[in-house]
Participant: 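Below is the structure I would like to discuss, written out as structure tokens.
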Protein chains: 2
Amino acid sequence: MEQENSISRIQNAITRNSQLFEQLADLYKIFADSSRVKILCALTQSEMCVSEISEFLSITQSAVSHQLRILKTSNLVKTRRAGKSIIYSLTDDHVRTIIDCGMDHIVE
Amino acid sequence: MEQENSISRIQNAITRNSQLFEQLADLYKIFADSSRVKILCALTQSEMCVSEISEFLSITQSAVSHQLRILKTSNLVKTRRAGKSIIYSLTDDHVRTIIDCGMDHIVE
DNA sequence: TGAACATATGAACAAATGCTCATATATGGA
DNA sequence: TCCATATATGAGCATTTGTTCATATGTTCA
């Protein structure tokens with residue numbers, strides 16, 4: 001039943017809406033970099049400010065900031081200010097789901 | 001409960017196995033191109049030979065072949081020969097699941 | 001065996017990407 | 001206001017990536 005919905009959804013997509021694939025590819029592009037995946041996984045555990053992420057993952061502050069910008073632009077993370085820091089957190093649970101999907105495939 | 005497993009799995013991954021993120025990112029890289037997503041979606045419907053895929057998606061035979069090579073190398077598709085044609089199909093249902101995950105996020 | 005069809009592949013090129021370095025912006029406290 | 005801390009951003013650069021074009025490999029059938 002759920003499978004059927006999936007297939008017909010994809011069929012419609014292929015025949016009628018080629019743009020959807022760009023969107024889909026663009027979404028996966030975000031997860032297609034190990035720095036960003038690490039950041040997203042880190043935020044899966046708890047919200048963190050930039051310097052915490054940087055330290056936790058051993059990635060340059062600048063690099064982290066650049067990647068966070070991408071993540072925020074694509075609405076996967078949201079921010080709030082706390083004093084001098086800016087705290088990043090996941091926008092919703094989709095990220096968790098998508099990472100889990102991929103993880104399931106890796107682990108086999 | 002399922003959420004808990006997810007989180008602890010990710011925590012272990014971050015602290016102990018940085019290589020896992022490369023694998024995860026590499027997996028998403030495969031989905032991060034619209035041609036490959038289209039091909040995978042097409043194969044979601046039914047197995048197809050190269051020229052069918054090429055025609056169905058309006059992508060050059062050469063381009064399709066190059067992408068199929070990537071998909072096969074990463075074990076997402078398998079092949080069998082039928083006369084002059086080589087027929088491609090999905091290796092398992094993980095592809096469906098992953099595409100569905102992404103689709104869910106797009107549709108919102 | 002030779003022609004026609006089907007697929008694979010290598011080289012070349014343009015576009016996209018992620019990092020670093022330097023610097024700008026913003027906040028809090030002395 | 002001045003300084004230290006925190007974050008963002010632009011330019012430059014090296015690497016990766018996807019396509020095209022030409023051609024090679026492989027299969028069927030006359």
Side-chain angles (χ1 to χ4, degrees), chain A residues 18-19 21-43 46-90, chain B residues 18-19 21-43 46-90:
Chain A
S18 173
Q19 190 192 356
F21 292 102
E22 304 291 345
Q23 290 179 40
L24 198 55
D26 284 346
L27 175 64
Y28 288 121
K29 253 175 216 149
I30 300 170
F31 293 81
D33 173 75
S34 62
S35 293
R36 281 193 295 271
V37 170
K38 283 180 190 167
I39 292 173
L40 289 173
C41 281
L43 295 180
S46 80
E47 57 177 22
M48 291 172 106
C49 69
V50 179
S51 54
E52 282 173 326
I53 298 174
S54 169
E55 197 178 348
F56 188 47
L57 302 178
S58 302
I59 304 175
T60 295
Q61 177 270 318
S62 178
V64 170
S65 225
H66 277 296
Q67 300 302 350
L68 283 172
R69 188 167 170 276
I70 293 174
L71 296 176
K72 190 172 183 197
T73 300
S74 48
N75 281 316
L76 295 185
V77 302
K78 61 181 193 283
T79 60
R80 76 167 205 275
R81 179 174 279 281
K84 278 180 287 188
S85 301
I86 294 190
I87 298 180
Y88 282 79
S89 58
L90 299 183
Chain B
S18 172
Q19 190 192 355
F21 292 103
E22 305 290 346
Q23 290 178 38
L24 199 55
D26 284 346
L27 175 64
Y28 289 122
K29 254 173 214 151
I30 301 169
F31 293 81
D33 173 75
S34 62
S35 293
R36 283 193 295 272
V37 170
K38 282 180 191 168
I39 292 173
L40 290 173
C41 281
L43 295 179
S46 80
E47 57 177 23
M48 290 172 107
C49 70
V50 180
S51 55
E52 282 173 326
I53 298 173
S54 170
E55 197 178 347
F56 187 46
L57 302 178
S58 302
I59 304 176
T60 295
Q61 177 270 319
S62 177
V64 170
S65 225
H66 277 296
Q67 298 303 350
L68 283 172
R69 187 168 170 276
I70 293 175
L71 296 176
K72 190 174 183 194
T73 299
S74 49
N75 282 316
L76 294 184
V77 301
K78 60 180 193 286
T79 60
R80 75 169 207 274
R81 178 174 279 282
K84 280 179 286 189
S85 299
I86 293 189
I87 298 181
Y88 282 78
S89 58
L90 299 183

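Chain letters run A, B, ... following the sequence lines, proteins first, then strands; residues in each count from 1. Reckoned from all heavy atoms, side chains included, excluding hydrogens, waters and symmetry mates.
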Participant: Choose from C:dC19, D:dT19, D:dA8 the nucleotide whose nearest atom is closest to any side-chain atom of A:Ile86.
Facilitator: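 Nucleotide nearest to A:Ile86's side chain: D:dA8.
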Participant: Counting only side-chain nitrogens and oxygens, does B:Arg81 get under 4.0 Å of the OP1 or OP2 atom of D:dG26?
Facilitator: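 B:Arg81 to D:dG26 OP1/OP2: no side-chain N or O under 4.0 Å.
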Participant: In whole angstrom, give the distance that lies between atom CG of B:Leu68 and atom P of C:dT7.
Facilitator: 10 Å
Participant: Would you tell me if any nitrogen or oxygen in the side chain of B:Tyr88 comes within less than 4.0 Å of OP1 or OP2 on C:dA8?
Facilitator: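 Indeed, a polar side-chain atom of B:Tyr88 lies that close.
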Participant: Could you tell me how far apart B:Arg69 (CZ) and C:dA11 (P) are, to the nearest whole angstrom?
Facilitator: 12 Å
Participant: Does a side-chain N or O from B:Ser62 land closer than 4.0 Å to OP1 or OP2 of C:dA8, or not?
Facilitator: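 The answer is no; no side-chain N or O of B:Ser62 sits under 4.0 Å from OP1 or OP2.
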Participant: Taking only the side-chain heavy atoms of A:Cys49 (C-beta and beyond), determine which of D:dT7, C:dT20, C:dG18 contains the nearest atom.
Facilitator: D:dT7
Participant: May A:His66 be described as stacking on the base of D:dT9, applying a 5.5 Å centroid limit and a 30° limit on plane angle?
Facilitator: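 Given the distance and angle limits, yes, they stack.
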Participant: Please pick, from C:dT17, C:dG18, D:dA6, the nucleotide with the shortest atom-to-atom distance to any side-chain atom of A:Ser85.
Facilitator: D:dA6
Participant: Give a yes/no answer on whether the side chain of B:Ser65 brings an N or O atom under 4.0 Å of OP1 or OP2 in C:dT7.
Facilitator: no
Participant: Find the distance B:Glu52:CD to C:dC5:P and express it as a whole number of Å.
Facilitator: 17 Å
Participant: For C:dC5, does either OP1 or OP2 sit under 4.0 Å from a side-chain N or O belonging to B:Gln61?
Facilitator: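 So the side-chain polar atoms of B:Gln61 never come under 4.0 Å of the phosphate oxygens OP1 or OP2 of C:dC5.
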Participant: Closer than 4.0 Å, any side-chain N/O of B:Ser51 to the OP1 or OP2 of C:dT7?
Facilitator: yes
